[in-house]
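One structure is given here, and the rest of the page talks about it.
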Amino acid sequence: QVQLVESGGGLVQPGGSLRLSCAASGSIFSVNAMAWYRQAPGKQREWVATITSGGYTNYLDSVKGRFTISQGNAKNTVYLQMNSLKPEDTAVYYCNAVAKVLVTTAPRDYWGQGTQVTVSS
């Protein structure tokens with residue numbers, strides 16, 4: 001009932017920037033938090049950043065000071081501004097939402113399809 005669509009990935013040189021976008025749609029009663037995860041080839045998916053419904057943010061240590069997660073004007077939209085990109089940031093980036101479809105149901109995780117970010121010279 002909830003669909004997440006990421007966009008904004010691409011190929012950039014080290015030190016470059018990208019802004020990822022995620023839009024949630026479908027039947028959504030409420031969203032507790034939205035987050036970004038990433039998965040590099042041969043690696044486990046790792047958490048990158050979270051923004052809660054209250055606007056609090058948290059980041060993976062290796063991206064602090066370089067990445068910024070924010071909410072768009074639409075509450076169901078989240079962005080990840082990535083600056084000073086490094087080759088180590090190369091991965092498929094996934095949008096995650098913790099949301100309730102109905103007031104009577106518990107929150108659950110929803111995932112987007114992912115968008116490729118490649119940092120290479």
Side-chain angles (χ1 to χ4, degrees):
Q1 298 298 315
V2 178
Q3 295 81 44
L4 302 177
V5 179
E6 303 100 330
S7 62
L11 173 65
V12 297
Q13 294 186 334
S17 298
L18 284 174
R19 188 181 73 161
L20 306 183
S21 300
C22 174
S25 62
S27 181
I28 305 172
F29 176 77
S30 64
V31 177
N32 291 352
M34 297 188 74
W36 289 95
Y37 288 72
R38 66 187 183 187
Q39 186 168 24
K43 304 292 185 180
Q44 290 187 321
R45 185 175 298 185
E46 67 177 347
W47 164 81
V48 176
T50 296
I51 185 166
T52 71
S53 61
Y56 294 97
T57 59
N58 200 10
Y59 299 91
L60 175 69
D61 284 345
S62 64
V63 308
K64 287 181 178 178
R66 299 189 298 120
F67 291 11
T68 302
I69 188 170
S70 62
Q71 188 178 64
N73 291 333
K75 293 182 179 180
N76 62 346
T77 302
V78 67
Y79 301 98
L80 185 68
Q81 178 67 46
M82 304 185 295
N83 299 325
S84 301
L85 283 163
K86 304 175 180 179
E88 304 89 89
D89 297 318
T90 296
V92 176
Y93 283 70
Y94 296 90
C95 181
N96 164 262
V98 180
K100 293 170 61 73
V101 175
L102 300 171
V103 66
T104 56
T105 62
R108 58 161 288 181
D109 285 323
Y110 297 89
W111 296 90
Q113 82 290 345
T115 185
Q116 177 71 49
V117 172
T118 302
V119 185
S120 176
S121 59

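What's counted below: heavy atoms across the whole structure, side chains too, no hydrogens, waters or symmetry copies. Not measured: the values here are computed from a predicted model.
- Taking the side chain as every heavy atom from C-beta outward, Asn96 and Trp47 never approach each other to under 4.5 Å.
- The shortest side-chain heavy-atom distance between Gln116 and Val92 falls under the 4.5 Å cut-off.
- Minimum heavy-atom separation, Gly8 to Leu18: O-CD2, 3.7 Å.
- Hydrophobic clustering (ILVMFWY, side-chain heavy atoms < 4.5 Å, transitive): Val2 and Val5 are in distinct clusters.
- With Thr77 contributing its side chain and Ala23 its backbone, the two residues share no donor-acceptor pair below 3.5 Å.
- Between the side chain of Glu6 and the backbone N or O of Gln113, at least one donor-acceptor pair lies under 3.5 Å.
- Expressed to the nearest 0.5 Å, how far OG1 of Thr52 lies from CE of Met34 amounts to 12.5 Å.
- Residues Thr90 and Ser120 have side chains not in contact (no heavy-atom distance under 4.5 Å, counting atoms from C-beta outward).
- Closest of all the heavy-atom pairs between Thr50 and Ala33 is CG2-CB, 4.2 Å.
- Looking at Tyr93 and Thr115, their side chains come closer than 4.5 Å, going by heavy atoms from C-beta outward.
- Distance check, rounded to the nearest 0.5 Å: CZ of Arg19 to CE of Met82 gives 11.5 Å.
- Scanning all heavy atoms of the two residues, the minimum distance from Ala97 to Leu4 falls at N-CD1, 3.6 Å.
- Put simply, the side chain of Asn76 does not reach to within 4.5 Å of the side chain of Val31, judged on heavy atoms.
- Using the six-membered ring where Trp is involved, Trp111 and Tyr94 have ring planes that are perpendicular, over 60° apart on the 30 and 60° scheme.
- Note on Asp89 versus Lys86: no salt bridge recorded, every NZ/NE/NH1/NH2 to OD/OE distance being 4.0 Å or above.
- Considering CZ of Phe67 and CG of Leu20, their distance stands at 8.0 Å, rounded to 0.5 Å.
- For the pair Arg45 and Tyr37, the NZ or CZ position fails the cation-pi test of under 6.0 Å to the six-membered ring centre and within 45 degrees of the ring normal.
- Side-chain contact between Tyr110 and Val101 is present, with at least one heavy-atom pair separated by less than 4.5 Å.
- No hydrogens or angles considered: a donor-acceptor pair under 3.5 Å links the side chains of Ser17 and Asn83.
- Formation of a donor-acceptor pair under 3.5 Å by the Tyr79 side chain with backbone atoms of Thr68 is not found in this model.
- At least one side-chain heavy atom of Arg38 sits under 4.5 Å from a side-chain heavy atom of Leu60.
- Shown here for Ser121 and Pro14, the closest heavy-atom pair between the two residues is N-CD, 3.6 Å.
- Connection of Ile69 to Val98 is not established within any shared hydrophobic cluster, with ILVMFWY side chains joined at heavy-atom distances below 4.5 Å, either directly or through further cluster members.
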